[in-house]
Amino acid sequence: MKKSKRSKKSNTWKIKQHRDQFFKKSKILGYRSRASFKLIELNKKFKFIKANSNLLDLGSSPGGWSQVASQIITKGKIMSIDIKDMETVKNVKFIKRNFLKDEVQDEVKKYFESNLDIVLSDMAADTTGNKSLDSIRTNQLCAQVINFSNKTLKPKGVLVSKLFMGEDFIEVKNLAKSLFKKVNFYKPESSRKESKETYLHCEILKTL
Ligand SMILES: C[S@@+](CC[C@H](N)C(=O)[O-])C[C@H]1O[C@@H](n2cnc3c(N)ncnc32)[C@H](O)[C@@H]1O
C-alpha cells in the first residue's frame, strides 16, 4: 500500500476511535449525545455553572447539554430551545421554537423575569454540503447570540457559544470583544479534531 493511502487509512481509524470513545461513554453515563462531554469539559475549564445559575440552552436537542446543566443546577432555572423536538429533561423548561424570532426572545425574558447568569449556544445551521457556507451560517447564529446576551445577561454573566474557525471568525470574535471584557476560545477534547468547531467563552459585559 502507498504511504499516503496508509496514513489516510490510519487517520480515518483514529477519527472513528475518537468518536466511538465518547459515544460509548455517553451510553454508559446515560447522556443523550456525545455533546454532553463538550459542556462538561468547558465547565471544568471555566467553572461557570453554579447550583443557583439561571441558564438558557440554545440549540438544545437532543438534550445532552441540558442534562449536564440539570445535574448541577438545583436552585436556578433552566430553559432550553430548539427547532427540533427534545424529550423532557428534569427541571428544564423546553420550548420548540426558532430562537431567532423576536417573540421567542421575549418569551425567554418573561420566563426568567430577571437577567440571566449563563447563555449557552450549541446551535448549528443545517448542513448544505458547502462547508464554508455552513460555517458562515453557524457563525451568524453565534453573532445573534452575542447581541442577545449583551441585552439579557447579568453584568458578570457568561456566554458560551459554538463558533467555526471559518472566514468570518475574526468578525464574530471582534463583536464579542467589543461587548465583553474577557473573551476566550477553547476546543474540548471531545470535539472532533477534524472539525473547525471551537467554543467562545465570554464574561463580564463592558457596561459594568
Ligand atoms: C449540535 S446540535 C446541539 C446538541 C446539543 N447541545 C446537545 O447537547 O444535545 C445543534 C442544534 O441547533 C439547533 N438549531 C439550529 N438553529 C436553531 C435556531 N435558530 N433556533 C433553535 N435551535 C436551532 C438544531 O436544530 C440542532 O438540534
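What you see is a predicted model, and the numbers here were worked out from it, not measured in a lab. As the structure lists them, so they are numbered: ligands from 1, and atoms in each ligand from 1.
Comparing heavy-atom distances from atom 12 (O) of ligand 1 across Gly59, Ser26, Ser66, Ser36 singles out Gly59 as nearest. Nearest to atom 26 (C) of ligand 1 by heavy-atom distance, out of Thr138, Val145, Asp82, Val89, is Asp82.
Residue contact check: Ser61 has heavy atoms under 4.0 Å from atoms 2 (S), 3 (C), 4 (C), 5 (C), 9 (O), 27 (O) of ligand 1. Listed by atom number, the atoms of ligand 1 under 4.0 Å from Pro62 heavy atoms are 9 (O). The atoms of ligand 1 that sit less than 4.0 Å from any heavy atom of Gly64 are 7 (C), 8 (O), 9 (O). Ligand-side atoms of ligand 1 in range of Ile83: 16 (N), 17 (C), 18 (C), 19 (N), 20 (N), 21 (C), 22 (N), 23 (C), range being under 4.0 angstrom from any heavy atom. Residue Ala35 approaches ligand 1 through these ligand atoms, each under 4.0 Å from one of its heavy atoms: 7 (C), 8 (O). For ligand 1, the atoms sitting less than 4.0 Å from at least one non-hydrogen atom of Asn98 are 18 (C), 19 (N), 20 (N), numbered in the order shown with element in parentheses.
Annotation: Leu141 places no N or O atom under 3.5 Å from an N or O atom of ligand 1; distance criterion only.
Using a 4.0 Å cut-off between heavy atoms, Ser33 contacts ligand 1 through its side chain alone, with no backbone atom that close. In Ser60, the part holding a heavy atom less than 4.0 Å from any atom of ligand 1 is the backbone.
Qualifying ring-ring contact (aromatic ring centres under 6.0 Å, His included) partners for Phe164, counting only residues two or more places apart in sequence or in other chains: none.
Atom 8 (O) of ligand 1 has its closest protein heavy atom at Trp65 N, 2.9 Å. The protein atom (non-hydrogen) at minimum distance from atom 1 (C) of ligand 1 is Asp122 O, 3.7 Å. What sits closest to atom 15 (C) of ligand 1 on the protein, heavy atoms only, is Ala124 O, 3.2 Å. Phe99 N, 3.1 Å is the protein heavy atom nearest to atom 20 (N) of ligand 1.
No heavy atom of Arg32 sits closer than 4.0 Å to any atom of ligand 1. Using 4.0 Å as the threshold, Arg97 has a heavy atom nearer than that to some atom of ligand 1.
Under the 3.5 Å distance criterion, with hydrogens and angles disregarded, no donor-acceptor pair is assigned to the side chains of Asn184 and Glu203. Looking at Ser60 and Ser66, their side chains never bring a donor and an acceptor atom within 3.5 Å of each other. Judged purely by distance below 3.5 Å, without hydrogens or angles, the side chains of Ser132 and Glu167 pair a donor atom with an acceptor atom. When only modelled atom types and interatomic distance are considered, Tyr199 and Asp122 share a side-chain donor-acceptor pair under 3.5 Å.
The backbone N or O of Thr128 lies less than 3.5 Å from a partner atom in the side chain of Asp134, making a donor-acceptor pair.
Separation of the Phe169 and Phe185 ring centroids falls under the 6.0 Å cut-off.
Applying the ring-ring contact (aromatic ring centres under 6.0 Å, His included) definition to pairs two or more places apart or across chains, those involving residues 92-119 are Phe99-Phe148.
Between Asp85 and Lys96 there is a salt bridge, since at least one side-chain N of the basic residue sits less than 4.0 Å from a carboxylate O of the acidic one.
The number of heavy atoms from other shown groups lying within 6.0 Å of NZ (Lys187) is above 12.
Within the model, atoms OG1 of Thr207 and CG of Leu153 stand 9.5 Å from one another, a figure rounded to the nearest 0.5 Å.
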